[in-house]
Asker: 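Pasting a structure below so you can have a look.
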Amino acid sequence: MNRADAAAYPVSSLQGIGPRRARVLASQGLRSVLDLYEYVPRRYLDRSRVCRIAELVDGEQVTVAGKVTRIDQAGPGNRKSMFRVWLGDGSGELELVWFRGASYLGALLRPGSFLAVHGKVGFFGRRSQMRHPDFDRLQNPSGRSAENDLLKTGRIIPLYPLTDAMKKAGIGSWQLQRMIQNAIETYGTPSEEVLSRGILLRHQLMPIGEAYRQLHLPSSPGQLERALHRFRWNELFYAQLYFARRYHALKSERNAVVFERSGEKTAELYRLLPFDLTGAQKRAVREIYRDLRSGSPMNRLLQGDVGSGKTLVALFAMALASDNGVQAAMMVPTEILAFQHWMSIRNFAGQVGLRVALLTGRQGARERRKVLEEVESGTIDIVVGTHAVIQDQVRFRRLGLAVIDEQHRFGVLQRKALQDKSDAAHVLLMTATPIPRTLAMGAFGDLDVTVLDELPGGRKRIVTRLCREEERGSVYDAVLKEVRAGRQAYVVYPLVDESEKMDLKAAVDSCRQLASGVFRDRRVGLVHGQMSGEEKEAVMDGFRNGSIDILVGTTVIEVGVDVPDATVMVIEHAERFGLAQLHQLRGRVGRGCHQSWCFLLYQGRLSGDAASRLQAMERTADGFRLSEIDAEIRGAGNVLGREQSGMVSGFRFADPARDYTLMQAAREAAFRLVEEDPQLQHEENRVVRTYFRDYFQQHFSLAGIG
Ligand code: ADP
Ligand code: MG
């Protein structure tokens with residue numbers, strides 16, 4: 001059968017699926033036979049891997065299959081919430097324990113129920129026990145147990161995800177398996193290929209029809225693995241094909257400004273630097289210059305850990321723009337950062353004759369009008385600003401390069417608005433929130449990526465300490481010691497949302513207490529998101545020029561702030577911050593040649609994810625490593641954020657972190673295909689084009705990306 005037919009047959013066309021079951025299945029998105037075929041088992045129960053109860057070993061993660069012999073709903077001492085079940089398999093008995101969900105389990109499990117359970121075995125004396133196991137009922141509707149099927153045949157049994165509604169309607173994993181088996185026997189599987197023959201052969205992929213069959217009726221572990229591999233390949237290939245097509249479309253535009261002159265300003269800038277560029281910075285500048293000369297628009301992501309010197313790389317690109325007679329704009333997420341970038345860029349740029357303007361939403365009308373005029377007339381070479389730079393009134397004489405700093409803070413539309421300010425501007429995206437290599441390929445597959453993997457020399461490793469409340473005194477001592485030595489310190493309070501009045505009050509109160517208490521002989525400044533732009537700038541200015549010793553603030557100081565004399569970072573309630581944020585905050589110190597410290601104060605007992613996060617902070621300073629750990633803790637989709645992860649989180653078979661090599665192979669195949677046949681017009685690529693259009697673009701619109 002072909003896909004279209006499978007998609008057209010309703011599940012109710014199958015034997016044993018009446019209107020009621022069809023309704024329940026439909027509520028899970030299972031409407032057609034194709035939907036059933038694409039319903040992915042959660043796990044497989046492989047009989048050859050089922051352990052005998054008599055042979056269980058303490059602490060092992062195992063699968064056991066057997067019959068419920070006894071149930072105890074009351075628990076010892078009549079603990080109502082506890083639920084215990086004994087499972088026998090002929091070799092012995094295993095106790096299953098739940099500490100909650102008794103009523104739900106009571107309705108589900110009976111003596112005689114045949115179960116497959118999966119979990120960690122614990123021993124209490126000679127009694128083996130499993131707590132809160134993952135379990136599946138293996139039983140058909142007539143009550144005849146599937147025991148015989150399971151134990152007598154060597155089959156691998158798919159275990160499907162089930163919802164409460166499905167369970168209530170009597171649809172268990174066993175029933176689903178029967179339905180799908182029935183469908184396969186009646187209709188066969190969709191055998192119409194979705195990959196070209198060349199790719200199937202070159203990568204030795206299982207034919208799609210066979211892969212569907214093996215997915216639901218595996219004949220051996222090896223065949224099942226090949227089927228899963230085939231489906232993973234499908235997903236990764238089509239994801240990469242999407243990127244390949246976008247990438248190719250961009251590269252084949254030849255209308256970008258060619259930055260062919262490397263003139264006085266770039267050369268002069270290089271001469272003027274008080275330090276040498278790091279090797280990584282030089283490499284980045286070279287790669288960017290190559291893009292800018294290529295004739296097609298640059299679309300490059302510059303990833304570099306905090307403090308790796310991205311701003312300077314951007315400045316070189318902007319100087320090159322000016323050498324070639326076009327303007328550059330740099331968009332940053334906060335007022336403070338805009339101001340700071342403007343100051344530091346102006347400092348270098350001014351000396352080489354580059355004119356830099358600041359544009360933010362908080363400027364006075366007169367000043368703003370003047371800037372707008374100068375931008376339009378072309379007197380200004382570089383505009384640094386917040387998203388004020390993308391507003392309608394801003395007209396460039398000729399914009400040739402758009403730089404977006406801390407790009408993860410901006411949405412796709414804001415980025416696009418800046419690009420649209422010119423016909424074909426080059427775009428440089430920068431981020432200090434490193435994304436694991438494995439994920440970057442899945443999320444930014446249409447960008448060229450440069451990694452700054454080197455910090456400017458002379459930096460010392462920041463000492464990071466986790467501190468309990470009782471250690472607060474010694475943390476303050478450390479702050480005072482540094483301040484006495486002429487250094488500066490940050491104290492940061494968590495503020496999940498700047499509009500949270502309670503948190504804000506707590507931060508302001510604590511600041512006052514610190515200012516009139518332990519730090520009363522020191523100059524303390526406060527900065528938070530509800531101050532006006534001018535107020536914030538005044539405080540930041542004070543901190544930068546050294547008239548403030550200790551800056552207390554909420555996370556508005558998080559991104560990008562650069563004060564080389566600051567050597568202590570104290571983070572209050574560190575357990576509430578995310579890993580990326582903690583890393584960003586820590587990156588505010590250790591920017592000069594002095595030894596720096598980061599104290600992570602936490603409340604209560606550390607456990608769970610918070611403990612993992614803080615321990616990771618203590619263990620490593622490598623932003624890439626931290627982002628990998630973050631992905632492990634939170635899952636890839638959460639690290640990338642919704643709009644960046646649309647691609648990655650939509651996978652059902654592939655796991656971008658695990659399948660890195662596979663993704664690379666699929667990427668090469670996709671890019672090669674687009675290189676050879678950009679419009680997918682060759683006869684042999686027709687299937688690819690059809691599948692891409694009909695199926696995959698729908699996937700993208702569901703994931704909310706273009
Ligand atoms: P980030 O990559 O976090 O945006 P910045 O661009 O703010 O980092 O740079 C951090 C600090 O390092 C700045 O004070 C900058 O002047 C300095 N810096 C940048 N490049 C070098 C270098 N090659 N040698 C020494 N210091 C550098
Ligand atoms: Mg920066």
Side-chain angles (χ1 to χ4, degrees), residues 269-286 288 300-319 330-352 356 382 384-386 403-410 428-435 449-460 462 487-488 490 540 543-546 556-567 569 580-594 596 598 621-624 626-627:
L269 184 61
Y270 195 73
R271 258 201 309 280
L272 270 172
L273 281 185
F275 40 69
D276 201 11
L277 292 179
T278 65
Q281 282 173 317
K282 284 180 189 159
R283 184 165 41 78
V285 170
R286 259 200 311 276
I288 290 168
R300 188 170 284 278
L301 176 68
L302 180 62
Q303 277 200 72
D305 215 337
V306 281
S308 56
K310 292 183 292 295
T311 318
L312 205 53
V313 173
L315 181 57
F316 270 95
M318 296 192 289
M330 182 177 203
M331 186 162 74
V332 303
T334 66
E335 305 262 327
I336 289 179
L337 208 52
F339 185 74
Q340 175 189 294
H341 274 2
W342 175 62
M343 295 276 287
S344 64
I345 287 175
R346 197 179 53 168
N347 174 29
F348 284 122
Q351 299 180 54
V352 301
V356 188
I382 298 173
V384 179
T386 55
V403 179
I404 301 175
D405 195 17
E406 311 293 349
Q407 65 90 22
H408 58 285
R409 293 295 198 91
F410 291 102
L428 178 65
L429 302 166
M430 307 203 288
T431 185
T433 303
I435 288 137
V449 179
T450 295
V451 176
L452 284 185
D453 51 4
E454 194 180 338
L455 294 181
R459 300 266 169 89
K460 295 195 179 66
I462 302 165
R487 317 268 186 270
Q488 294 164 284
Y490 297 96
M540 291 307 296
F543 191 63
R544 246 186 300 264
N545 67 31
V556 289
I557 64 172
E558 176 191 338
V559 287
V561 176
D562 183 37
V563 179
D565 269 341
T567 54
M569 169 61 70
Q581 243 181 337
L582 289 171
H583 181 60
Q584 268 283 352
L585 285 169
R586 179 169 59 185
R588 298 310 111 217
V589 297
R591 303 192 137 238
C593 52
H594 312 292
S596 293
C598 174
D622 176 349
F624 282 92
L626 286 172
S627 72

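Sequence positions, counted from 1, serve as the residue numbers for this chain. Atoms within a ligand are numbered from 1 in the order they appear, just like the ligands themselves. Please read all numbers here as calculations on a predicted model, not as lab measurements.
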Asker: Should the proximity of Gln281 to ligand 1, defined as any heavy atom under 4.0 Å, be assigned to the side chain, the backbone, both, or neither?
Answerer: side chain
Asker: What's the verdict on side-chain contact (heavy atoms from CB on, under 4.5 Å) for Val384 and Arg346, showing C-alpha distance, side-chain angles and the deciding distance?
Answerer: CA-CA 10 Å; Val384 179; Arg346 197 179 53 168; over 6 Å; no
Asker: Check ligand 1 against Thr278 and write out every atom of the ligand that is under 4.0 Å from a heavy-atom position of the residue.
Answerer: 23 (N)
Asker: Checking side-chain contact (heavy atoms from CB on, under 4.5 Å) for the pair Arg588/Val563: CA distance, chi angles, key distance, verdict?
Answerer: CA-CA 7 Å; Arg588 298 310 111 217; Val563 179; over 6 Å; no
Asker: Would you call Pro564 a ligand 1 contact, heavy-atom distance under 4.0 Å?
Answerer: no
Asker: We want to know whether Thr450 and Arg300 form a side-chain donor-acceptor pair, criterion being a heavy-atom distance below 3.5 angstrom.
Answerer: yes
Asker: Would you tell me which option among Asp405, Asp562, Leu452, Asp276 has the nearest heavy-atom contact to atom 14 (O) of ligand 1?
Answerer: Asp562
Asker: Which ligand 1 atoms, with their elements, are less than 4.0 angstrom from a heavy-atom of Thr311?
Answerer: 4 (O), 5 (P), 6 (O), 7 (O)
Asker: Evaluate the criterion salt bridge (charged side-chain N to carboxylate O under 4.0 Å, His left out) for residue pair Asp405 and Lys310; output intermediate values, then yes/no.
Answerer: CA-CA 9 Å; Asp405 195 17; Lys310 292 183 292 295; 5.7 Å; no
Asker: N/O of Gly309 under 3.5 Å from N/O of ligand 1, yes or no?
Answerer: yes
Asker: Is a side-chain N or O of Gln340 found less than 3.5 angstrom from the main chain of Asp562, in a donor-acceptor match?
Answerer: yes
Asker: Can you name the atoms of ligand 1, numbered from 1 with element, that are less than 4.0 Å from a heavy atom of Leu277?
Answerer: 23 (N)
Asker: What do you reckon, does Gly304 put a non-hydrogen atom under 4.0 Å from ligand 1?
Answerer: no
Asker: Between Leu302 and Val403, does a side-chain contact (heavy atoms from CB on, under 4.5 Å) hold up when you go through it step by step?
Answerer: CA-CA 10 Å; Leu302 180 62; Val403 179; over 6 Å; no
